[in-house]
Amino acid sequence: MTKHETLSGLGKHDNLIGGQWVSFDSYSDNINPSDTNDVIGSYSYGDAGSVEMAVEAARAAQESWADSTPQARHDLLDAVGNSLAARREEFGRLLAREEGKTLAEGIGETMRASQVFKFFAGEALRQSGDLQPSVRPGIDVEVTREPVGIVGLITPWNFPIAIPAWKIAPALAYGNCVILKPADLTPGCAHVIAQLLHEHGCPAGVFNLVMGRGSTVGEAIVTHPEIAAISFTGSVGTGNYIAEVCGKLKKKVQLEMGGKNPMVVLDDADLSVAVPACLNGTFFSTGQRCTASSRLIVQEGIHDAFVTELTKQMRALKVGDALDPETQIGPVVDARQLQSNLEYIEIARSEASEVIGGQRLELDTPGFYQAPALFLGTDNTMRINREEIFGPCGSVLKVADFDEALAVANDTEFGLSAGICTGSLKLARAFRRRAEAGMVMVNLPTAGVDYHVPFGGRKGSSYGAREQGRYAVEFYTTVKTSYVFAG
Ligand code: NAD
């Protein structure tokens, strides 16, 4: 094992452990899904031993980081936020290259990461406790928040810079040391954050990056007895497994998982609002968003006009290389996800009355391109409406009225985001109150959220405390109640 520096976008990229770039024997190539001939770089594949090293480094740093001043934490997070904003074109380009989001989406996501760091820089300064008189004479009761300790952060590939940011920033703001394992498909953006934290003077061991496979690095993080809490975003299967392990080990756990998000379009909806909202929610970011609108629940009076207009706009979407400024829909992230999408499109051919689009596309560069797909004449019992596809595919379900729309919207194991397009304040209010989802959108796409308010869902989509905004304090701190008798 040797130490050496690495540069963004060049050659080999190492793990950051105990303030050192540490190289291992095993590396994996990071491939551009828009052009599989383009190798972005090779990224270290750590193992259980690297997690052990990271835990040792974090253990050594935890006490002094917990005692560090709010000013020191603010300054580090603020500096990282500023660098992300200043270099958004460079990092947004890297993101588009490794994940396949369009360049505009990549730059936008980088700005989101910057905003998250700057928000939690402010939160580091705004920590407070609660002083109360006791019910007994002469005693004061003080409720304070303390860091949880070493936290393990495990992230997916679909928001490779924003999701690590919205876990790392609150973890550090509230005094925890971090071990981050990003998705093995998209390590580049996480490596960028590690570089920035390192360059801006993050103390050794406070932040550690261990890249590698879920089955080795992820497993070692989840099962390590000294890692006090796990924040995970990813698929339902992995999340359920992590919940079981954390339950047995009595670890604090937070899970953000899949979705099968409904978007209701009522007869009184404005089509010039509803169609763009559905187009965006269903197909943008190649449908690879946990908040994507995958079930379009449309009232019968507006159904035909809605389908005609949505089909027209869907067919006009330009699928292409993520770095081409004209591209609206980038490639699918990898061959496995593309294969899975195409299998669901085959299932749709047997379940739906009509499938529009959805074919594999061969473009100028070898990439994982797929035309957006719309499934018509579907009902809520079908597999295409119950399982998360995670691609640019949407189903239309025709319903008679608001009550049926609401029932269909809620008839799912998931509960992340739910949307409604209507001109009726009364029905919008009823939907907002009765939708079984963590987030509700009125006349807006189901995807696309603010960074300063809580994010998360219900039922099978999420478990544990909410992420983001001031609510993040719940997960990244533990409460202590002190009783003081002054005599
Ligand atoms: P995934 O579950 O395959 O992987 C997520 C992370 O878990 C990766 O870093 C992976 O390496 C790691 N992992 C895999 N096996 C592990 C194990 N046994 N122990 C510990 N870690 C392990 O998910 P993905 O394919 O990267 O992401 C797509 C999924 O993420 C979709 O289902 C999507 O809905 C979901 N997602 C949810 C949200 C949300 O906030 N609800 C946001 C984005 C993505």
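Residues: numbered from 1 along the sequence shown. Whatever order the structure lists them in is the order used to number ligands and atoms, beginning at 1. A quick note: this is a predicted structure, and the numbers were derived from the prediction, not measured.
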I need the nearest protein heavy-atom contact for [atom]: residue, atom name and distance, please.
{"atom": "atom 12 (C) of ligand 1", "value": "I154 CG2, 3.6 Å"}
{"atom": "atom 17 (C) of ligand 1", "value": "G214 O, 3.5 Å"}
{"atom": "atom 8 (C) of ligand 1", "value": "T155 O, 3.3 Å"}
{"atom": "atom 15 (N) of ligand 1", "value": "T238 CG2, 3.4 Å"}
{"atom": "atom 32 (O) of ligand 1", "value": "E388 OE1, 2.7 Å"}
{"atom": "atom 26 (O) of ligand 1", "value": "W157 CD1, 3.0 Å"}
{"atom": "atom 41 (N) of ligand 1", "value": "M257 O, 2.6 Å"}
{"atom": "atom 39 (C) of ligand 1", "value": "C290 SG, 3.2 Å"}

- request: Could you tell me whether E90 and R93 have a side-chain N and a carboxylate O separated by less than 4.0 Å?
  value: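 Looking at E90 and R93, the cut-off is not met.
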field: Short N-O contact, D78 and R73, less than 4.0 angstrom
entry: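 A salt bridge is absent here (no side-chain N lies under 4.0 Å from a carboxylate O).
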Without swapping roles, check the side chain of [X] against the backbone of [Y] for a donor-acceptor pair under 3.5 Å.
{"X": "T477", "Y": "P147", "value": "no"}
{"X": "Q254", "Y": "I230", "value": "no"}
{"X": "E109", "Y": "A162", "value": "yes"}
{"X": "N30", "Y": "G41", "value": "no"}
{"X": "T282", "Y": "C278", "value": "yes"}
{"X": "Y369", "Y": "S34", "value": "yes"}

task: Please check atom 2 (O) of ligand 1 for a protein heavy-atom neighbour under 4.0 Å.
output: yes
- prompt: Under 4.0 Å from ligand 1, counting heavy atoms only, is it the side chain of T233, its backbone, both or neither?
  reply: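 For T233, the contact with ligand 1 is made by both the backbone and the side chain.
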- prompt: Using a heavy-atom cut-off of under 4.0 Å, does the side chain or the backbone of F159 touch ligand 1, or both, or neither?
  reply: neither
- request: From the options G234, P160, S462, P156, select the one whose nearest heavy atom is closest to atom 35 (C) of ligand 1.
  value: G234
query: Relative to the ring of H198, is the ring of W21 parallel (under 30°), tilted (30 to 60°) or perpendicular (over 60°)?
result: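 The arrangement is perpendicular - the two ring planes meet at more than 60°.
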message: Which label fits F159 and W166: parallel for a plane angle under 30°, tilted from 30 to 60°, or perpendicular past 60°?
response: tilted
[X] neighbourhood, listing ligand 1 atoms whose heavy-atom distance to it stays under 4.0 Å:
{"X": "N158", "value": "43 (C), 44 (C)"}
{"X": "A183", "value": "9 (O)"}
{"X": "Y241", "value": "18 (N)"}
{"X": "P182", "value": "9 (O)"}
{"X": "F232", "value": "2 (O), 5 (C), 6 (C), 7 (O)"}
{"X": "I163", "value": "42 (C), 43 (C)"}
{"X": "L416", "value": "41 (N)"}

query: For ligand 1, is there an N or O atom under 3.5 Å from any N or O atom of K181?
result: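 Yes; at least one N/O pair falls below 3.5 Å.
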message: Between ligand 1 and R213, is the shortest N or O to N or O distance under 3.5 Å?
response: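 Min N/O separation from ligand 1 is not below 3.5 Å for R213.
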- request: Indicate, with yes or no, if the rings of H13 and Y43 have centres closer together than 6.0 Å.
  value: yes
message: Tell me if the OH atom of Y344 is crowded by more than 12 foreign heavy atoms within 6.0 Å.
response: yes
Option passing side-chain contact (heavy atoms from CB on, under 4.5 Å) with I179 (candidates L209, N208, V217): N208
